[in-house]
There are 2 protein chains.
Amino acid sequence: MSNTREKIIELADQLIRTKGFNAFSYADISAPLDIKNAAVHYHFPNKADLGIAVIEQEIARLNDGIHQWKKLSPDARLKKMIAIFQQRYKQRTICLVGSLTPDYDTFSPAMQQKVQEMCKGILDWMADCLEEGREAGNFSFEGDAYDRALMVMSNLMSSLLYSRVLGGNIFGRMSKQLSKDLI
Amino acid sequence: MSNTREKIIELADQLIRTKGFNAFSYADISAPLDIKNAAVHYHFPNKADLGIAVIEQEIARLNDGIHQWKKLSPDARLKKMIAIFQQRYKQRTICLVGSLTPDYDTFSPAMQQKVQEMCKGILDWMADCLEEGREAGNFSFEGDAYDRALMVMSNLMSSLLYSRVLGGNIFGRMSKQLSKDLI
DNA sequence: GTCTATACCTTGATAGAC
DNA sequence: GTCTATCAAGGTATAGAC
């Protein structure tokens, strides 16, 4: 029954995006949900378990997207991905990759593996999208599709980081330019 | 006399790049230097003071670079910047922007301002370099030079993050491709 | 400038009742 | 599944001697 578990994951997701994994505490979770920290520990014995659950939810969402967007053209799929980041931009939050990869060395092996899995999944998806788009004549770019995927995801991730720090419509400018570059 | 202050800054710089600002402690500083944590507090009353000193050192280094490279061609200057990131890649450390911007919201106003100053300085420098290079015929790219600077710095920053998580020569591939894209 | 000593708080985590 | 109660450990920071 308990959707407390899901509420905890959702809140932890938000906290990771705003404060970072190492800066949020069980109290940051339990207080807003009006429960005690022991209740959080019931669902997630330790913090790494919670972190892993958050990443797994993100991976599941990515897989959902991959499935739902399967019939779309490569450039429509790219637009969908950019739209996800635009949502984050409006909320002034960052992406999980941008939040978790800098702290990678402080994570447990199990959590490191999940971070790796998430990064690989997103990059593989983007590389496929770009390669297919290039073959279909939707995109035009030089070099390996995977390298290009690294650059596109890197720009999307950083646009959120820079936006929070520098203000202005950095996200809009970067996402527009990276789209243009692919035509 | 005491160069303890500088040793503390250097060590803190290293720790920020590996564990992140919120994950390292005064003990991480005092133990390797064989001093007590009170001695660290003597030099830096609170943690934000230390963080600010680290960022100021980075800004000073950037300004040194700007000064020393003034006579170099734009593409030689770009190569110098890439070389700095290559060094970080070899050390498996990340850049300060990549480490500090995700945790931005957890910082004191004074430290946030320094992070902002650092980001602006690097981006302005890169934008000038690119614009000058384009005018001189060294570089060729579409759009605003500042937007391009955002994308170049974003790629350099992310190449270090991805390299640590995914292994392989991601830095080499990304830096090579971004250089090619500017020709 | 560095030490000893310590205050005070927050943290992640556990035991056992309900 | 959630609570009360509690814990040990580690965190930042300060006071005062040397």
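Every chain is numbered from 1 and lettered A, B, ... according to where its sequence line falls, protein lines coming before strand lines. Since this is a predicted model, take the numbers as computed values, not measurements.
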Sequence-distant partners of [X], salt bridge (Lys or Arg N to Asp or Glu O under 4.0 Å), two or more places apart:
X	value
B:Arg17	B:Asp13, B:Glu58
A:Glu132	A:Arg77
A:Arg88	none
A:Asp28	A:Lys19

Query raised in the report: In terms of hydrophobic clusters joined by side-chain contacts under 4.5 Å, are A:Tyr146 and A:Trp125 together?
Result: yes

Query - Which residues share a ring pair (Phe, Tyr, Trp, His ring centres under 6.0 Å) with B:Phe85, sequence neighbours left out - result: none

Report task. Identify, with sequence neighbours excluded, every residue that meets ring pair (Phe, Tyr, Trp, His ring centres under 6.0 Å) alongside A:Tyr26. Result -> A:His41

Query raised in the report: Is there any salt bridge (Lys or Arg N to Asp or Glu O under 4.0 Å) pair reaching into residues 171-183 of chain B, and which pairs are they, with sequence neighbours excluded?
Result: A:Asp144-B:Arg173, A:Asp147-B:Arg173, A:Arg148-B:Asp181

**Report entry** salt bridge (Lys or Arg N to Asp or Glu O under 4.0 Å) pairs, two or more places apart, involving residues 101-112 of chain A
**Finding:** A:Asp105-B:Arg164

So if I take every side-chain heavy atom of [X] and compare against [options], which nucleotide ends up nearest?
X	options	answer
B:Asn46	C:dA13, C:dT2, D:dA13	D:dA13
B:Lys47	D:dA13, C:dG1, D:dC3	D:dA13
A:His41	C:dA13, C:dC3, C:dG1	C:dA13

Roughly, in whole Å, what's the span from [atom1] in [X] to [atom2] in [N]?
X	N	atom1	atom2	value
A:His43	C:dA13	NE2	P	16 Å
A:Lys7	D:dT2	NZ	C1'	14 Å
A:Phe44	D:dT2	CZ	P	11 Å

**Report entry** B:Thr4 side chain near C:dG1 phosphate (N/O to OP1/OP2, under 4.0 Å)
**Finding:** no

Query raised in the report: So does B:Tyr42 get a side-chain nitrogen or oxygen closer than 4.0 Å to the phosphate oxygens (OP1/OP2) of C:dT2?
Result: no

**Report entry** Interface with DNA chain C, restricted to residues 103-115 of chain A and to heavy atoms under 4.0 Å
**Finding:** none

**Report entry** Side chain proximity check, B:Arg134 to B:Glu131, heavy atoms < 4.5 angstrom
**Finding:** yes

Query raised in the report: Near DNA chain D, under 4.0 Å by heavy atom, which residues of residues 18-37 of chain B?
Result: B:Phe24, B:Ser25, B:Tyr26, B:Asn37

Query raised in the report: When you look for runs of 3 or more Watson-Crick or G-U pairs in a row, both distances below 3.5 Å, which of them include DNA chain C?
Result: C:1-18 with D:1-18

Name the atoms and distances for all side-chain donor-acceptor pairs under 3.5 Å in residues 109-118 of chain B, with sequence neighbours left out.
| unit_1 | atom_1 | unit_2 | atom_2 | d |
| --- | --- | --- | --- | --- |
| B:Gln112 | NE2 | B:Tyr104 | O | 2.9 |
| B:Lys114 | NZ | B:Glu56 | OE2 | 3.1 |
| B:Lys114 | NZ | B:Glu117 | OE1 | 3.3 |
| B:Gln116 | NE2 | A:Val165 | O | 3.0 |
| B:Gln116 | NE2 | B:Tyr104 | OH | 3.3 |

